[in-house]
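Owing to the predicted nature of the structure, the values given are computational and were not obtained by experimental measurement. Computation of the quantities below employed the complete heavy-atom set of this structure, encompassing side-chain atoms and omitting hydrogens, waters and symmetry-equivalent molecules. Proteins come first, then strands; the chains are lettered A, B, ... in the order of their sequence lines, and each starts at number 1.
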Number of protein chains: 2
Amino acid sequence: MGRPPRTSRAEIMAAARRLIDRDGWERLTMRRLAAEAGTAPTTLYHHVRDKDDLLTQLLDDYAERMPRPAMPADPRERVIAAATIIRETLAAWPWAVEMLTHDNQVGRSALWMVEMVLASAVECGCSPEQAVDLYRSIWYYTAGEILIRANRGRRQAENTDANPRDDRIRAVDVAELPQLAALADRWADLTSRDTYALGLRSLVDGFLQTLPTPG
Amino acid sequence: MGRPPRTSRAEIMAAARRLIDRDGWERLTMRRLAAEAGTAPTTLYHHVRDKDDLLTQLLDDYAERMPRPAMPADPRERVIAAATIIRETLAAWPWAVEMLTHDNQVGRSALWMVEMVLASAVECGCSPEQAVDLYRSIWYYTAGEILIRANRGRRQAENTDANPRDDRIRAVDVAELPQLAALADRWADLTSRDTYALGLRSLVDGFLQTLPTPG
DNA sequence: ACCTGAACACCGTTCAAGT
DNA sequence: ACCTGAACACCGTTCAAGT
C-alpha cells in the first residue's frame, strides 16, 4: 500500500489551511498538521524544508488568491484603494501579518500591489525614491493596524469577568492625566471603531501635499 | 540555608533583563530564566502567575525607566516629539512591541505619553474623539515601523550567501512590474533608510489639516 | 522514492512533597 | 512560607530503518 507519493504538497497546504481556519493560526504545529493530513510528522519534512518554509508557501498561495479588482482612475485614489485591499486581504487572515513581520517578504504574488502603490505615487508627482517612502509609510501603518486589531479581538475574547484588563485606563489619575481620565468611560468604544481609512487618507494627503503640484 | 525568601521579584526581573540583553528576547524561557536566577523553574511560579504576567511586569518596569524629556511649546511639535520618544524607547527594546501587540495595554507608566499626544492634539484643535483617532493612527504607524524594522535587522543577520532572500525583488518581471524592476537594484538601500520621521509628519500634518484652523 | 518510529533537545505549567 | 523534583502534555527536527 504505497510506492506512489501518497502525500502531496497541495494536500499538506490544504490541511494547513483547514487547521488554521478551524483552530487558529497559533495552533498550527507540525505534529497537528501531520495528524490533519493523515501522515507522520516526519513525513512533512519530505515536502517542506522546515516550518518556516511551510508558512512562506502558505502565504504565497494565499496571496495568489487575492482579488485584483479594478482600480480608480485618479492616482491618489488608487494609492488608497491598493492599500485598502492589502489591509482587507490581510485582516481576513491576520496570522499572515504576523508572518510578514517575521519573514518580511511580501511574496511574489502580492508584488502587483506594491507596484500599484509605487506607480500611482509617481503619477501623483513623486520621485521613485519618494514613492518608496510613501509605500513604506503605508505598509508600516497597515501592518500595525492589522496586528493590533487582530490581537485586540483575541484579547476581547479572553477578557472574562475574572480578569479585566481595562482597569489601568479606568483607574487613571485625574490630576495628572486629565484627557485620559475624561475619556476613560468611552475609551473601549472609541478604540474599537474602524479608523483605518481616516488615518490612511491623512498619511497619503500629508505626504503628497509637500510635493510640487504637477502642471 | 533557606527560610527567608531567597528569590525576590526584583531578582527575577533583573535576571530576565540580563537574559534578554544577552541572548535576545526570543530566548527568554521560564527554564532558562530560572537557571539565570539560580533557582528551579517551578520556583518562579511563586513570584509570577505565568509567563505572560512576567512579561507584563517586565514591560511596566521598562516603561518606568523611559525618559521624560522637555516637550516643545508648539502643540503639533509636541505630538511629533511624544511619538518619536515612544518610537525611540521601543526601538531600543523591540521585543516590547511584540509584547504590546500581544498584550495590548500600554502600561501605566507609559500613559503620560498617551496623555501628551491627546492633550497636544486637543490644543491643535481636535475634539477629544479626533484626538483619540490621531493617537491611534500614530500608534499603528509606530508599532508597524518598529516591528518591521526589528525583524528586518534580525533577517539581515541571517541572510548569508547560502540563502539570499531578495531574489523576489531582483527577479521581477520588467513588463508587468516596471517600477519595481527599475528600483530592484536600489531596493535594499532605499528600504533601509530611516523614514519614520517623514511618515509621522505626513500623518500628523494630513490629519490636522482637515480641521478648522483655530483663531 | 517515499514513509516511518524512536529519539533528541527543548517548551510552560501543575502538584505533591520537602525544609 | 518558601522551595523543589518528578511529571504531564506538548514543541520542531534528525536520522537510521523500513517498504
Problem set entry | 5' precedence on DNA chain D between A/Arg49 and A/Arg27 (nearest-nucleotide basis) |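 On the 5' side of the pair lies A/Arg27.
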
Which residues satisfy the side-chain hydrogen bond (donor to acceptor under 3.5 Å, both in side chains) test with [X], sequence neighbours excluded?
| X | answer |
| --- | --- |
| B/Arg31 | none |
| B/Thr195 | A/Arg136 |
| B/Ser202 | none |
| A/Glu77 | A/Arg201 |

Exercise. Under the side chain to side chain contact (heavy atoms under 4.5 Å, CB included) criterion, do A/Met13 and A/Leu54 qualify, and how do the steps go?
Worked result: CA-CA 8 Å; A/Met13 293 303 157; A/Leu54 171 82; 3.9 Å; yes

For this session: Would you please name every residue forming a side chain to side chain contact (heavy atoms under 4.5 Å, CB included) with A/Asp53, sequence neighbours left out?
Result: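 A/Asp53 satisfies side chain to side chain contact (heavy atoms under 4.5 Å, CB included) with A/Val48, A/Arg49, A/Asp50, A/Gln57 only.
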
For this session: Could you pull out all residues at least two apart from B/Val122 that satisfy side chain to side chain contact (heavy atoms under 4.5 Å, CB included)?
Result: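 Side chain to side chain contact (heavy atoms under 4.5 Å, CB included) list for B/Val122, sorted by chain: A/Gln179, B/Ala131.
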
Exercise. Who pairs with B/Tyr196 by ring-ring contact (aromatic ring centres under 6.0 Å, His included), at least two apart in sequence or on another chain?
Worked result: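 Here the qualifying residues are B/Tyr141.
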
Problem set entry | Side-chain-base donor-acceptor pair under 3.5 Å for B/His46 and D/dC3 | yes

For this session: For B/Arg193, enumerate each residue passing the salt bridge (Lys or Arg N to Asp or Glu O under 4.0 Å) test, keeping only those at least two apart in sequence or located in another chain.
Result: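 Here the qualifying residues are A/Asp133.
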
Rounded to the Å, how far apart are [X] [atom1] and [N] [atom2]?
| X | N | atom1 | atom2 | answer |
| --- | --- | --- | --- | --- |
| B/Asp53 | C/dG12 | CG | P | 14 Å |
| B/Glu26 | D/dG12 | CD | P | 17 Å |
| A/Tyr45 | D/dT14 | OH | P | 7 Å |
| B/Asp52 | C/dT13 | CG | C1' | 14 Å |
| A/Arg32 | D/dC10 | CZ | P | 9 Å |
| B/Ile12 | D/dC2 | CD1 | C1' | 12 Å |

Seminar exercise, completed: Residues of residues 13-24 of chain A with a heavy atom under 4.0 Å from any atom of DNA chain C, listed by number, are none

Close N/O contacts between protein and nucleotides 5-7 of chain C (under 3.5 Å):
{"residue": "C/dG5", "atom": "O6", "partner": "A/Thr42", "partner atom": "OG1", "Å": "3.1"}

Problem set entry | Secondary structure of DNA chain C in dot-bracket form (Watson-Crick or G-U wobble, distances below 3.5 Å, | marking inter-strand pairs) | ||.|||||...|||||.||

Exercise. In whole Å, what separates the P atom of D/dA9 from that of C/dC10?
Worked result: 22 Å

For this session: Please determine, for the side chain of B/Thr39, which listed nucleotide (D/dT4, C/dT4, C/dT13) has the closest atom?
Result: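 The nucleotide sitting nearest to the side chain is D/dT4.
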
Problem set entry | A/Thr43 side chain, from C-beta outward: closest of D/dG12, C/dT13, C/dT4 | C/dT4

Exercise. So A/Tyr135 and B/Thr191, side chain to side chain contact (heavy atoms under 4.5 Å, CB included) or not? Walk me through it.
Worked result: CA-CA 10 Å; A/Tyr135 161 72; B/Thr191 57; over 6 Å; no

Identify every side-chain donor-acceptor pair in residues 16-23 of chain A under 3.5 Å, counting partners at least two apart or on other chains, and give the distances.
{"residue": "A/Arg18", "atom": "NH1", "partner": "A/Glu36", "partner atom": "OE2", "Å": "2.8"}
{"residue": "A/Asp21", "atom": "OD1", "partner": "A/Trp93", "partner atom": "NE1", "Å": "3.0"}
{"residue": "A/Arg22", "atom": "NH2", "partner": "A/Glu36", "partner atom": "OE1", "Å": "2.5"}
{"residue": "A/Arg22", "atom": "NH2", "partner": "A/Glu36", "partner atom": "OE2", "Å": "3.0"}
{"residue": "A/Asp23", "atom": "OD2", "partner": "A/Arg32", "partner atom": "NH2", "Å": "2.5"}

For this session: Could you check B/Leu111 against A/Glu176 for side chain to side chain contact (heavy atoms under 4.5 Å, CB included), going step by step and ending with a plain yes or no?
Result: CA-CA 10 Å; B/Leu111 286 180; A/Glu176 249 196 291; over 6 Å; no

Exercise. Between D/dC3 and B/His47, is there an OP1 or OP2 to side-chain N/O distance shorter than 4.0 Å?
Worked result: yes

